[in-house]
Amino acid sequence: MKIFLKLIVLSAVFLSACSPIKPEVKVPDVPPVEINNEQLSFKKFQEMASLGHVEAQFQLGKIYDRKKRYKRALKWYQRAADQDNIMALDILSARHFLGFRAPKDAQKSLAYKIRVLPLKLQSIKDGDLTFLQSVIDSYNLGVFIPEEYKEWPHWLTKILEKDYPYKLGLIYLRGKILGFDIEKAIYWLGKAGEQGDQAAQSKLANMYAAGDKVDKDIGKAKYWYQKAADLGHVKAQFKLAYIYAKGEGGTRDYEAAFKLFLKAAEKGCAPAQSEIGWYYMQGHGVELDYQKALQWSLKAAKKGNHYAQNNLGVIYASKLPVKDYVEAEKWYLKAAKKGNDKAQTSMGWLNRKGLGMPVNYTEALKWYHRAAKQNNARAQLSIAYMHLKGQGVMADYSEAFKWAKKSAVQDHTPAQTLLGIMYGKGDGVKKDAKLSRTWLRKAAMKGDFRARNLLMRHPSDNPRMAAMKLYSEGNKLYHGKGVKQSYENAEELFIKAAESGFVRAAIKLSRMYLLGLIIPQDNEQAMNWHHVAAENDQIKAQLFLAESYLDSHNITQSVEWYSRAAELGDVKSQYILGEIVLGAYGGKKDVIEALKWFEIHAESGSKNSKPHIVELISSMSKNQVMEAHQRKSAWLKIYGFKD
């Protein structure tokens, strides 16, 4: 590994030696001549070099290099090196180490490096930092520093403090020369950044964004990215846009993200061009426009950006008025070969459905499996369906169940519905009505209508079917449909249905007791039946209990039921919980928990929480904000919502 690092460093030395900046050198026996490479002839270079002009000797070496006459080049580099030409010494050291255009000789390479180091140190002491990086590299590799230059870190610091704060900040950050000191590193990098040094601004932003050697602080990251972005730093524009797009340190702001991505895209940044194409395709922060999505995606795709190539596939396959599956396959294939799991899944889809090509189940499975290895939930579900239907493989319910579960545990809604169905029927797994309801409920809470319909008529077991029948008969008596209305008889049937676990019957009973339809009015009984429904994940019942407890100032019980409803996806509960723990209804104030709930609520796309989030973040310490973010992420992970 050490040899490899030395190889890298010496290669860098070789490249730096080709820099157009040259040290001024005086030759005793030859009058100083300023060399203009464009005006001097090859013959004139030879004359001057023969007379001992060190710069001419070095330039002659470069000319022979271009002519591929490497032995001659080596001869003139050697003559320039004999007169202490720094770049010639660097080239000789690198070439003898690498065996590149010179015999490989590690001892000779080291001798040149030891010889050139004092010359570079003296150059730095005189204020010329041309060779600073190569000196640092040599120092890091343990090359001997002459005694007379042992104090070089001291006078180097003095030079850098005056004119090069960014370089000084990096030296403190890396810790090899002056020792690691994060406070001094941040100070000098910050000073350089405030002076307009884009490299310093970008470095600080990256550190705060990643929590690299400092506490993660998105606010500070945004500050430094913004400074660099305002000066036209393309990477800073892209990274700041990404922060806004992800909603880090606040809520998502697609409009701000789009504007920054566009600035970077217009300067030729392929990832930004890909993002602009995607934004036009999704209508995020800008009006939906598939033609512009196509134009921008094409710019990035031609540069090899696989995200843009996949986007082009999507546009041609599903977004344009006339679908072009042949063109879609062309771009999907390019992205798929580069490992893009979405494109691989789409290649499976095209082959499986025979879109723009003959149906090919073998090829479809090949692409689905490649994507599934990258945990693509859509690909995993597609493999499950192919095993269910016997497409390209023998029908195998057990294998189908395995792949459906892999997809479902990744929060893929259609897979959760399929898993609920398979548990309900006992396909590929032991029949389990409870697990069937659990998975269907997960999908239903995220808007899957198929799962909702299945839950409404879920034939989990005979007692439940009997309870449904009792409820239906009770409902007829309640409304007087086809029979004489009788609340007393309806009550009797509803109680039997509710005791068998039919939640809607419990809600009906609660309503009857609250309204006094069963004389006398019985609020206690109403609350009891609401508890039964709430315990069975009936959101309306949970909200009723939460509101009732809040009205009676029982904050603890109210928070419990709002939390239960929030866990089932009720967005309103998430917002109210934020208000409660913020102290709006009395009780103990907890700003960390409040920020957690408001940010969870903001994930739904609602902007109502934004003022609370902004106000809380401005008044909280960075550690408190980080704790709130961690709690939010943990909650979202457990209850199945994407972060």
Side-chain angles (χ1 to χ4, degrees), residues 242 245 270-282 290 293-294 296-320 323-396 399-419 642-643:
Y242 205 73
Q273 291 170 339
S274 176
E275 290 290 339
I276 290 296
W278 187 82
Y279 271 51
Y280 274 120
M281 191 166 72
Q282 299 294 326
Y290 294 134
L294 188 69
W296 281 106
S297 296
L298 196 57
K299 287 177 185 286
K302 286 181 176 178
K303 295 174 184 176
N305 185 285
H306 65 86
Y307 298 108
Q309 290 168 344
N310 179 66
N311 289 345
L312 282 174
V314 173
I315 293 168
Y316 281 117
S318 61
K319 302 299 182 183
L320 297 179
K323 297 177 176 61
D324 188 340
Y325 293 118
V326 174
E327 194 68 13
E329 189 266 346
K330 166 187 160 184
W331 290 107
Y332 277 141
L333 185 59
K334 286 179 182 290
K337 285 181 176 179
K338 291 176 182 173
N340 186 296
D341 63 296
K342 291 181 180 179
Q344 290 168 344
T345 303
S346 295
M347 282 298 298
W349 170 65
L350 292 176
N351 279 279
R352 183 179 169 210
K353 298 295 183 181
L355 301 173
M357 61 183 70
V359 171
N360 189 332
Y361 291 140
T362 302
E363 192 71 6
L365 274 171
K366 180 190 83 173
W367 285 112
Y368 281 143
H369 275 288
R370 287 189 184 183
K373 284 181 180 178
Q374 299 186 65
N375 290 323
N376 185 291
R378 274 187 59 214
Q380 291 166 341
L381 179 60
S382 297
I383 294 171
Y385 274 119
M386 291 187 77
H387 281 288
L388 272 177
K389 298 176 181 181
Q391 295 176 333
V393 290
M394 292 291 290
D396 187 335
E399 193 70 10
F401 175 82
K402 181 185 84 173
W403 285 104
K405 189 170 184 181
K406 282 178 182 284
S407 180
V409 296
Q410 292 196 76
D411 200 33
H412 191 47
T413 305
Q416 292 171 338
T417 300
L418 177 59
L419 208 61
K642 292 191 184 215
D643 190 355

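The basis for the numbers below is simple: all heavy atoms, side chains too, and nothing from hydrogens, waters or symmetry mates.
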Using every non-hydrogen atom in the two residues, find where [X] and [Y] come nearest and quote the distance to one decimal.
| X | Y | result |
| --- | --- | --- |
| V326 | G356 | CG2-O, 4.2 Å |
| A372 | I383 | CB-CD1, 3.8 Å |
| A371 | T345 | CB-OG1, 3.3 Å |

Any donor-acceptor pair under 3.5 Å from [X] side chain to [Y] backbone:
| X | Y | result |
| --- | --- | --- |
| Q410 | N375 | yes |
| K342 | A335 | no |
| Q309 | A301 | yes |
| Y368 | W349 | yes |

Notebook entry, point to check: Honestly, is R370 close enough over W367, meaning NZ or CZ under 6.0 Å from the six-membered ring centre and within 45° of the axis?
Noted result: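 Flagged: R370 positioned over aromatic ring of W367.
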
Check: Relative to Y325, does K323 satisfy both conditions: NZ or CZ under 6.0 angstrom from the six-membered ring centre, and within 45 degrees of the ring's axis?
Finding: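 Geometry flag: not set, cation outside 6.0 Å or 45°.
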
If you measure from [atom1] on [X] to [atom2] on [Y], what distance do you get to the nearest 0.5 Å?
| X | Y | atom1 | atom2 | value |
| --- | --- | --- | --- | --- |
| Q391 | S382 | CD | OG | 9.5 Å |
| N376 | H369 | CG | NE2 | 13.0 Å |
| I276 | W296 | CD1 | CH2 | 6.5 Å |
| Y307 | W278 | OH | CH2 | 13.0 Å |
| S346 | R378 | OG | CZ | 5.0 Å |
| T417 | H412 | OG1 | NE2 | 9.5 Å |

Does some side-chain heavy atom of [Y] sit less than 4.5 Å from a side-chain heavy atom of [X]?
| X | Y | answer |
| --- | --- | --- |
| L365 | R352 | no |
| L294 | Y316 | yes |
| M347 | E329 | yes |
| Y332 | N310 | yes |
| Q273 | N305 | no |
| M357 | E363 | no |
| N351 | V359 | no |

Next item on the list: Tell me, with the steps shown, if L298 and W331 meet side chain to side chain contact (heavy atoms under 4.5 Å, CB included).
Entry: CA-CA 10 Å; L298 196 57; W331 290 107; 3.7 Å; yes

Next item on the list: Test F401 against L418 for side chain to side chain contact (heavy atoms under 4.5 Å, CB included), laying out the working first.
Entry: CA-CA 9 Å; F401 175 82; L418 177 59; over 6 Å; no

Next item on the list: Mind checking salt bridge (charged side-chain N to carboxylate O under 4.0 Å, His left out) for E399 and listing every partner two or more places apart, or none if nothing turns up?
Entry: K402

